[in-house]
Amino acid sequence: MSGAKKRNFQIEAFKHRVVVDPKDAEKAWNILEHAIHEIYNYNARGFVFEDLYRTAYYMVYHRFGEKLYSGLVSTMTSHQKEIAKSIEAVQGAMFLEELNRNWTEHNTALRMIRDILMYMDRTFIPSTHKTRIHELGLNLWRDNIIHSSKIQTRLQDTLLELVQSERSGDVINRGLTRNITKMLMDLGPSVYEEIFEKPFLDVSSDFYRVESQQVIEHCDCGDYLKKAEERLNEEIERVSHYLDARSEAKITRVVEKEMIESHMHRLVHMENSGLVSMIMDEKFEDLGRMYNLLLRVPSGLTIMKDVMISHIRETGKDLVTDPERLKDPINFVQELLDKKDRLDKIINLAFNDDKDFQNALSSSFEYFINLNPRSPEFISLFVDDKLRNGLKKDKEEEIELVLDKVTMLFRYLEEKDLFEKYYQQHLAKRLLSGKTSSDAERSFIVKLKTECAYQFTSKLEGM
Amino acid sequence: MKKEETVKLISAEGFEFVIDKKAAMVSQTIRNMLTSPGSFAETEHGEVTFPEISTTILEKICQYFYWSLQYASGKETEFHIEPELTLELMMAANYLHT
């Protein structure tokens with residue numbers, strides 16, 4: 001039993017058309033107008049739905065739909081103007097509550113009105129391309145209440161004040177605020193953006209600009225980053241509690257820009273607390289935090305990488321050119337290994353095994369290891385020592401591990417031929433003296449072979 | 001049929017049809033009536049009067065409600081309409097948004 005429109009046409013052809021007196025239509029309208037008034041005054045108890053529905057039905061059926069619709073518009077508009085006045089008159093803190101209460105009541109009333117006038121809503125309105133009742137109600141609310149100049153400014157200011165006081169540590173009524181922002185979203189995303197989101201982002205930008213300036217003057221790098229992370233999390237939590245989800249990306253962008261991006265150079269380079277001192281003091285938590293925060297902003301990680309590279313190069317250079325160290329080759333190599341271990345640990349624990357950082361580490365090592373022409377010889381001496389004497393002290397697996405790491409150093413050498421020359425000499429001596437295990441020797445040579453093959457084929461693959 | 005789940009439909013002549021709410025709500029109009037916020041007389045007393053719908057038609061409509069529920073749950077039977085009822089039945093259907 002649907003497709004009523006088609007049958008309407010047929011029915012007219014057969015049915016004897018009753019000409020309805022405009023006076024009857026006027027009467028009908030008065031009944032409905034009265035009902036709407038009572039609904040708005042929350043006084044609709046006891047009304048007979050069917051009566052009202054039928055009255056509206058007959059108005060539309062007998063071609064008085066236009067009168068009904070325009071009557072509806074003007075009645076709703078005048079009610080809303082009254083509501084606007086009463087909201088405007090509210091003093092102080094009750095403003096949002098009053099607004100919220102009226103909004104809830106308005107929605108209930110709107111629903112009841114639409115139910116009574118359902119016949120018009122589904123037949124007359126679509127065929128005349130007018131706005132449907134629910135949307136009409138929202139639009140009228142938007143035009144008369146939200147866009148009323150007094151209410152709009154006050155609403156905006158109140159919302160922004162709430163956010164500000166929460167940022168300073170006060171507790172605010174989040175439930176009420178959420179209802180209000182939801183109301184704005186219901187009225188249309190553009191209303192939400194215009195009335196709330198855009199000013200919110202502007203004010204937040206200023207706020208964080210000022211705050212970041214203050215904090216950076218008084219805090220060292222680690223503490224500043226902690227504060228930045230706190231604020232970031234705070235904003236995310238704020239959005240989840242009483243803002244629209246779409247605002248999250250926008251506000252986090254603001255915080256990232258003002259607190260991180262604007263100051264990242266200064267932070268990373270900070271004396272005694274920036275990236276370099278964090279690396280030297282192995283402050284994994286701080287390093288991890290810096291990595292995660294700078295990850296969010298463009299070129300953030302590039303700065304970290306550059307600083308790290310220059311630090312490794314410098315300290316590495318000091319290491320390999322220090323005349324004292326050069327007197328003890330075994331120790332020299334051991335220190336290189338330790339250095340690599342420390343940095344590997346940082347990249348693993350704090351930088352999430354980031355490949356870019358691993359590559360940066362490798363290239364820095366490559367740089368300084370070859371500054372000392374005796375590096376290949378020293379490495380060979382180290383291996384020699386391990387293979388001769390190591391098996392007495394350490395277990396086989398430990399030796400394996402150390403030799404694996406030495407293979408990495410071997411990779412960084414430019415003068416691999418030089419290394420081979422020394423290695424042959426030392427190997428010969430070891431074999432002659434019998435002070436070595438042939439398994440261990442073989443396995444190390446396999447490692448070298450794999451390494452060379454890797455280098456060889458990687459060049460080919462590069463081509 | 002429990003009382004809370006039924007609704008009474010009253011025809012122009014005063015005949016009372018007590019049917020399940022579920023059946024009655026096949027009509028969008030009746031559904032809105034019963035679920036609208038605010039306290040209309042119908043929801044308070046659980047009865048709806050249709051002064052413009054005759055008993056015969058209202059009876060046929062109640063039959064339609066039940067047939068419609070059955071059809072929706074798989075039983076594809078026919079719903080027979082006597083030709084002389086058609087006109088009024090269609091008007092009532094339009095009115096009740098069924």
Side-chain angles (χ1 to χ4, degrees), chain A residues 1-16 18 35-62 104-124 126 133-134 137, chain B residues 7-12 24-53 57-58 60-69 71-72 78-81 83-98:
Chain A
M1 291 201 188
S2 48
K5 291 225 179 74
K6 244 202 166 133
R7 271 177 212 98
N8 247 344
F9 176 69
Q10 288 234 308
I11 289 170
E12 241 120 72
F14 285 108
K15 193 173 166 72
H16 166 56
V18 173
I36 295 177
H37 273 300
E38 292 305 293
I39 288 178
Y40 264 112
N41 294 333
Y42 243 16
N43 222 358
R45 186 166 287 274
F47 272 114
V48 182
F49 186 102
E50 205 273 337
D51 273 348
L52 299 170
Y53 180 83
R54 193 164 22 90
T55 315
Y57 170 83
Y58 275 121
M59 273 191 82
V60 174
Y61 186 77
H62 291 290
T104 322
E105 283 175 13
H106 171 260
N107 276 333
T108 313
L110 186 57
R111 173 118 181 258
M112 288 167 72
I113 293 173
R114 191 210 55 182
D115 286 343
I116 297 177
L117 302 181
M118 177 65 83
Y119 189 75
M120 174 178 75
D121 203 33
R122 67 177 171 97
T123 55
F124 175 76
I133 296 182
H134 180 74
Chain B
V7 65
K8 196 190 282 185
L9 306 183
I10 307 176
S11 75
M25 302 225 267
V26 171
S27 150
Q28 279 297 318
T29 308
I30 297 183
R31 176 187 291 253
N32 282 342
M33 207 183 284
L34 296 176
T35 56
S36 193
S39 35
F40 289 108
E42 284 85 348
T43 41
E44 301 260 294
H45 302 127
E47 42 183 71
V48 189
T49 314
F50 295 105
E52 307 261 323
I53 301 183
I57 300 295
L58 191 54
K60 203 71 190 172
I61 286 183
C62 291
Q63 286 171 0
Y64 176 78
F65 289 156
Y66 281 100
W67 176 85
S68 173
L69 290 181
Y71 196 92
E78 275 199 25
F79 186 70
H80 178 66
I81 304 179
E84 61 271 14
L85 293 182
T86 331
L87 184 59
E88 283 185 66
L89 199 54
M90 290 304 125
M91 290 214 44
N94 184 30
Y95 181 75
L96 291 175
H97 197 181
T98 302

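A note on names: the letters A, B, ... follow the listed sequences, proteins ahead of strands, and every chain is numbered from 1.
- Rounding to the nearest 0.5 Å gives a distance of 7.0 Å between CZ of B:Phe40 and CG of A:Asp115.
- For B:Glu88, the CD atom counts as loosely surrounded, since its 6.0 Å shell holds 12 or fewer non-hydrogen atoms of other residues, nucleotides or ligands.
- Looking at A:Phe47, the atoms closer than 4.5 Å to chain B (heavy atoms on both sides) sit in the backbone and in the side chain alike.
- Counting non-hydrogen atoms of other residues, nucleotides and ligands closer than 6.0 Å to NE2 of A:His37 gives a total above 12.
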Under 3.5 Å donor-acceptor pairs involving side-chain atoms of residues 106-113 of chain A, not counting sequence neighbours:
unit_1	atom_1	unit_2	atom_2	d
A:His106	NE2	A:Gln80	NE2	2.9
A:Thr108	OG1	A:Thr104	O	3.1
A:Arg111	NH2	B:Thr35	O	3.1

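- Counting heavy atoms from C-beta outward, B:Asn94 and A:Tyr119 have side chains that approach closer than 4.5 Å.
- Within the model, atoms CD of A:Glu50 and CD1 of B:Ile10 stand 10.5 Å from one another, a figure rounded to the nearest 0.5 Å.
- The ring of A:Tyr53 has its center closer than 6.0 angstrom to the ring center of B:Tyr95.
- Surrounding CD of B:Glu78 are at most 12 heavy atoms belonging to other residues, nucleotides or ligands under 6.0 Å away.
- B:Glu42 has its side chain within reach of A:Val48: a pair of non-hydrogen atoms, C-beta onward, lies under 4.5 Å apart.
- Checked by atom type, the side-chain pair B:Glu52/A:Tyr58 shows a donor-acceptor distance below 3.5 Å.
- Heavy-atom distances place the backbone of B:Thr49, and not its side chain, under 4.5 Å from chain A.
- Taken to the nearest 0.5 Å, the CG atom of B:Asn32 stands 6.0 Å off from the CZ atom of A:Phe49.
- Put simply, the side chain of B:His97 reaches to within 4.5 Å of the side chain of A:Arg122, judged on heavy atoms.
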